[in-house]
> 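Quick one: the structure is below, and I'll ask about it shortly.
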Amino acid sequence: MFLNQEPRLAEFAGAVVEWQKRHGRHHLPWQGTRDAYRIWLSEIMLQQTQVATVVGYYERFLSRFPDIPALARASQDEVMPYWAGLGYYARARNLHRCAQELAAHWDGRFPDTPEQIATLPGIGRSTAAAIAAFAYGTRSPIMDGNVKRVFTRYFGIYGVSSQRATEQLLWKTAEEAVQAAPAALDMAAYTQGLMDLGSDCCTRGRPDCARCPLQAGCYAYAHGVQHELPTPKQKKASPERECKMLILHQEGSVLHQAGSILLEQQLSPGIWGGLWSLPQYGDASALEVACSNWGQPSNQAQKMAGLLHTFTHFKLHIEPWYVQCAATVVAEPGPRQAWVPVEKLASTALPAPVRKILGGLFDL
DNA sequence: CAGACGTGGAA
DNA sequence: TTTCCAAGTCT
């Protein structure tokens, strides 16, 4: 770090805001509003998720649930299809819970301080600050991946951000940057500018320092260590697991000509919690037992092309097995299981790889 | 504190 | 191909 951060702190926020107004993003679907609901929804969807991925989900979700009361009076099962495929499903469950808490205890509106906002489910310190900054102009700093890149480089902050000391220094520096800024600071532009700078200019691989409004004071630029910051955390090899998924296809009826598929709702918490997946089995014998329970000899099952699904912390080898059965022979579904008509699969909350498997069979 | 928690795009 | 990781939070 530079010994004396003060002169570089004083000019920091102003440079970010000026850059944002000329070169930042201004036409994302969740910009140009002070509606805390829309801001909140976008912030949650954008957690660990790229802008391009979020845009479509944001529009569809907002059309179906236009405000807090609409979301609060819906059931979780009505909400999950609008999040399916986006990942990190605890976000959707917390979003729904939060709407109900706001409706029940906060008059259906967001509280106006970041501290109060951060007490709500699924909203941590950074998201609370972002909501307050965009909706109310509150001078409370955020600290996400983009901002960490900008701050570690500009101020020369070493150490992995999972360490308490590093995290605390980042937040302290972020607070000082706001305090050192003029009272008239456009907090929304500053907050957006930090993220845009990290996203468009101060990127991980090839930072475009020539375009950067902070170049003159940047520690990493001065020392040529852009690629060393932020300090990378050591990676761990992700374990691999395997499972067999059963596609039990009940033949069509007059009502549902394409038939129905047996799905099983996943428990929360847990992978895909709240979504409807295909029944999974750890090995061939477990699959055989399941087939025979449904009156199907397992030798009638057809093995389909396998696929590898990569999660953050493990890889899953999926082996799908297809079995068709007559409607007349079929028993009652087990707990958390249901027969879902093929016509309804498109609007069902399916995990991404399950949608891919079923999409190959039924053109969802 | 370290691990759980998804998915897809980029290098 | 492999690895990284993107507007994090919760336990």
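A note on names: the letters A, B, ... follow the listed sequences, proteins ahead of strands, and every chain is numbered from 1.
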> A:Gly205 near the nucleic acid: base, sugar-phosphate alone, or nothing, with a heavy-atom cut-off under 4.0 Å?
nothing
> With a 4.0 Å cut-off on heavy atoms, is A:Pro232 in touch with a base, just the backbone sugar-phosphate, or nothing at all?
nothing
> Can you see whether A:Phe12 has A:Arg8 sitting over its ring - NZ or CZ less than 6.0 Å from the centre and within 45° of the normal?
no
> Mind checking A:Ile123 for me? I need base, sugar-phosphate or nothing, with any heavy atom below 4.0 Å counting as a touch.
sugar-phosphate
> Can you tell me the distance, in whole Å, between the CZ atom of A:Arg204 and the P atom of C:dC5?
5 Å
> Pick base, sugar-phosphate or nothing for A:Trp30, based on heavy-atom distances below 4.0 Å to the nucleic acid.
base
> Using whole Å, what does the distance between atom P of nucleotide C:dG8 and atom CG of A:Leu194 come to?
13 Å
> Begin from the C-alpha positions of A:Trp30 and A:Phe134 and carry the test side chain to side chain contact (heavy atoms under 4.5 Å, CB included) through to its verdict.
CA-CA 10 Å; A:Trp30 43 86; A:Phe134 287 128; over 6 Å; no
> So A:Arg149, base contact, sugar-phosphate only, or nothing? Heavy-atom distance under 4.0 Å.
sugar-phosphate
> In whole angstroms, how far is the P atom of B:dA4 from the NE2 atom of A:His313?
5 Å
> Atom CG of A:Asp200 to atom P of C:dA6: distance rounded to whole Å?
14 Å
> Using the side-chain hydrogen bond (donor to acceptor under 3.5 Å, both in side chains) rule, take A:Gln31 and A:His26 through it: C-alpha gap first, then chi angles, then the decisive distance, then the call.
CA-CA 7 Å; A:Gln31 291 184 294; A:His26 297 90; over 6 Å; no
> Base, sugar-phosphate alone, or nothing: which one does A:Thr310 contact when heavy atoms must sit under 4.0 Å apart?
base
> Taking atom C1' of B:dG8 as reference, at what distance in whole Å does atom OH of A:Tyr88 sit?
12 Å
> Assuming nearest nucleotide by heavy-atom distance, tell me which of A:Lys236 and A:Leu275 is located more 5' along DNA chain B.
A:Lys236
> Counting only side-chain nitrogens and oxygens, does A:Trp272 get under 4.0 Å of the OP1 or OP2 atom of B:dT7?
yes
> Given C:dG8, B:dT7, B:dG9, identify the nucleotide with an atom nearest to the side chain of A:Gln50.
B:dG9
> Need one value for A:Gly85: base, sugar-phosphate or nothing, where a base atom within 4.0 Å counts as base even if backbone is also close, heavy atoms only.
sugar-phosphate
> Just call it for A:Val147: base, sugar-phosphate, or nothing, with non-hydrogen atoms closer than 4.0 Å on any strand.
nothing
> Between A:Asp196 and A:Arg97, which has a closest nucleotide on DNA chain C that is more 5'?
A:Asp196
> Do A:Phe151 and A:Phe155 make the cut of ring centroids closer than 6.0 angstrom?
yes
> By the 4.0 Å heavy-atom rule, please label A:Pro230 as base, sugar-phosphate, or nothing.
nothing
> Do A:Thr127 side-chain and C:dG8 base share a donor-acceptor contact under 3.5 Å?
no
> Which part of the nucleic acid, if any, lies within contact of A:Ala352, taking any heavy atom under 4.0 Å across all strands shown: a base, the sugar-phosphate backbone alone, or nothing?
sugar-phosphate
> Whole angstrom is fine here: how far is it from CH2 in A:Trp171 over to C1' in C:dT9?
12 Å
> Determine the Euclidean distance between corresponding P atoms of B:dG3 and C:dC4; express it in Å to zero decimal places.
16 Å
> Report which part of the nucleic acid A:Arg164 touches: base, sugar-phosphate, or nothing (heavy-atom distance under 4.0 Å, all strands).
sugar-phosphate
> Going by side-chain contact (heavy atoms from CB on, under 4.5 Å), A:Gln337 matches just one of A:Glu332, A:Glu264, A:Gln265. Which one?
A:Glu264
> For side-chain hydrogen bond (donor to acceptor under 3.5 Å, both in side chains), just list the numbers for A:Ser75 and A:Asp77, CA-CA rounded to whole Å, side-chain angles, deciding distance to a tenth of an Å, and then say yes or no.
CA-CA 5 Å; A:Ser75 68; A:Asp77 283 337; 5.4 Å; no
> Can you check the A:Arg241 CZ to B:dG6 P distance for me, whole Å?
12 Å
> Just checking A:Leu28: base, sugar-phosphate only, or nothing, at a heavy-atom cut-off of under 4.0 Å?
base
> Specify the separation, in whole Å, of atom CZ of A:Arg125 and atom C1' of C:dC10.
17 Å
> What interatomic distance, in whole Å, is found between P of B:dG6 and the corresponding atom of C:dT11?
14 Å
> Looking across every strand, which nucleic acid part, if any, lies under 4.0 Å from A:Pro269 by heavy atom: base, sugar-phosphate, or nothing?
nothing
> Return no unless some side-chain N or O of A:Gln48 is found under 4.0 Å from OP1 or OP2 of C:dG8.
yes
> With DNA chain C as reference, determine whether A:Thr312 or A:Gly124 sits nearer its 5' end, using the nearest nucleotide of each.
A:Thr312
> At 4.0 Å (heavy atoms only), tell me whether A:Thr49 reaches a base, stays on the sugar-phosphate, or touches nothing.
base
> Check the phosphate of B:dT7 against A:His309, side-chain N and O only, distance under 4.0 Å to OP1 or OP2. Yes or no?
yes
> Is the closest side-chain donor-acceptor distance between A:Gln50 and A:Thr53 under 3.5 Å?
no
